[in-house]
Protein chains: 2
Amino acid sequence: MKENWNAGNLDTLLLGILRQQSAHGYELIQKLKETSEGVFDLPEGTVYPSLHRLEKSGAISSSWDSTSGRRRRIYEITPNGRAAFQSGKKAWAKYSYSVNMVLGMSS
Amino acid sequence: MKENWNAGNLDTLLLGILRQQSAHGYELIQKLKETSEGVFDLPEGTVYPSLHRLEKSGAISSSWDSTSGRRRRIYEITPNGRAAFQSGKKAWAKYSYSVNMVLGMSS
DNA sequence: TTTCATACCTAGATACTCTAGGTATAGAGC
DNA sequence: GCTCTATACCTAGAGTATCTAGGTATGAAA
């Protein structure tokens, strides 16, 4: 039984970071790992496609940056993305509450 | 952005019901719907394969029952399944805590 | 100059849910 | 008796998301 609680949620998680600060892909991977205390240690092959998906859907926008000498694509959340985040957050609250009910977690 | 928080978790959810009582597939679908207050309204095409998966892995065992006139396959959780449930529950606690951190949910 | 961390990317494998069918019986209503 | 609905099971294939496993390239450190 392989647990993959992440499925379908990564987009919302990325917006969760970007809602507070713009960041580039590699940075997002690290921030996600830090914020989750190591639980989300996602491969680049997962995160980059997700970012492209989010940009295509209009939730984030990107621009190339070279000020650090190294080329980076900086992602910024859009108003659309903020709305999507709020909606995703609500869906998560509802969902996690229900899982807690079924699994018998008191809180 | 399609939310599918369920992915990979259904097995643990089913064990969450079966840990308390044996049940047949159709019944599990209803119990899941009740317990989650409508949030988990899963199609049969999702649940039956998941049950077969769980049986194959040894987490549950089944037996045919006809006492109701209608044929039903009753599923029962095994000791292995109870262990898998505990492990899945722990994984969920860890995971949901981390999601809450990233999404900025206070609790 | 070699190695490692940074920084980006994609194709294909894998694995799950879901759609869309199928079969069959019990019971209710006419 | 007949029709309809709910019950109860099933599977093949579509769709989609993550992950594996590669690839390229640069800056900094050893």
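A note on names: the letters A, B, ... follow the listed sequences, proteins ahead of strands, and every chain is numbered from 1. Atom set for the values below is all heavy atoms of this structure, side chains included, hydrogens, waters and symmetry mates excluded.
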Under the rule for salt bridge (Lys or Arg N to Asp or Glu O under 4.0 Å), what residues qualify as partners of [X], not counting sequence neighbours?
X	value
K33(A)	D41(A)
E76(A)	none
E27(B)	K31(B)

side-chain hydrogen bond (donor to acceptor under 3.5 Å, both in side chains) against E55(A), all qualifying residues, sequence neighbours excluded: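 Per chain and number, E55(A) pairs via side-chain hydrogen bond (donor to acceptor under 3.5 Å, both in side chains) with S62(A).
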Partner set under side-chain hydrogen bond (donor to acceptor under 3.5 Å, both in side chains) for T67(B), not counting sequence neighbours: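 Result, side-chain hydrogen bond (donor to acceptor under 3.5 Å, both in side chains) vs T67(B): D65(B).
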Any donor-acceptor N/O pair, T78(B) side chain to A59(B) backbone, under 3.5 Å: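 Confirmed, T78(B) side chain pairs with A59(B) backbone.
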Side-chain donor/acceptor of T35(A) to backbone N/O of V102(B), under 3.5 Å: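 Answer holds: no.
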Nearest whole angstrom, please: distance from the [atom2] of [N] to the [atom1] of [X].
X	N	atom1	atom2	result
L10(A)	dC19(D)	CG	C1'	12 Å
D65(B)	dA8(D)	CG	P	10 Å
R53(A)	dA17(D)	CZ	C1'	6 Å
L42(B)	dT17(C)	CG	P	9 Å
R73(A)	dT6(C)	CZ	C1'	17 Å
D41(B)	dC18(C)	CG	P	10 Å
K33(A)	dT6(C)	NZ	P	10 Å
E55(A)	dC9(C)	CD	P	9 Å

For I29(B), side chain to side chain contact (heavy atoms under 4.5 Å, CB included) partners two or more places apart: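 With neighbours one apart ignored, the set is E44(B), V47(B).
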All side chain to side chain contact (heavy atoms under 4.5 Å, CB included) counterparts of R70(A), not counting sequence neighbours: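 Expected list: S68(A).
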Terminal helix-axis angle for the helix from dT1(C)-dA30(D) to dC30(C)-dG1(D), with five pairs defining each axis and rounding to 10 degrees: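 Inter-axis angle at the ends, rounded: 20°.
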With a 4.0 Å cutoff (strictly under), does any side-chain N or O of [X] reach OP1 or OP2 of [N]?
X	N	answer
H24(B)	dT7(D)	no
Y48(A)	dC8(C)	yes
H52(A)	dT10(C)	yes
Y26(B)	dT7(D)	yes

5'-most by nearest nucleotide on DNA chain C - R72(A) or G45(A):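 First, find each residue's nearest nucleotide; the 5'-ward one identifies R72(A).
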Earlier contact from the 5' end, DNA chain C, for Q30(A) and S50(B):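 Its nucleotide being nearer the 5' end, the pick is Q30(A).
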Which residue lies more 5' along DNA chain D, comparing T46(A) with L51(B) via nearest heavy atoms: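 The 5'-side residue here is L51(B).
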Sugar-phosphate or base contact per nucleotide [nucleotides 22-30 of chain D; S, B, -; heavy atom under 4.0 Å]: ----BS---
Sugar-phosphate, base or nothing in reach of G25(B), heavy atoms under 4.0 Å: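 Sugar-phosphate: the residue G25(B), judged by heavy atoms under 4.0 Å, touches backbone atoms but no base.
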Side-chain H-bond candidate by donor/acceptor type, N9(B) with Y95(B), under 3.5 Å: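 No pair is found: no donor N or O on one side chain lies under 3.5 Å from an acceptor on the other.
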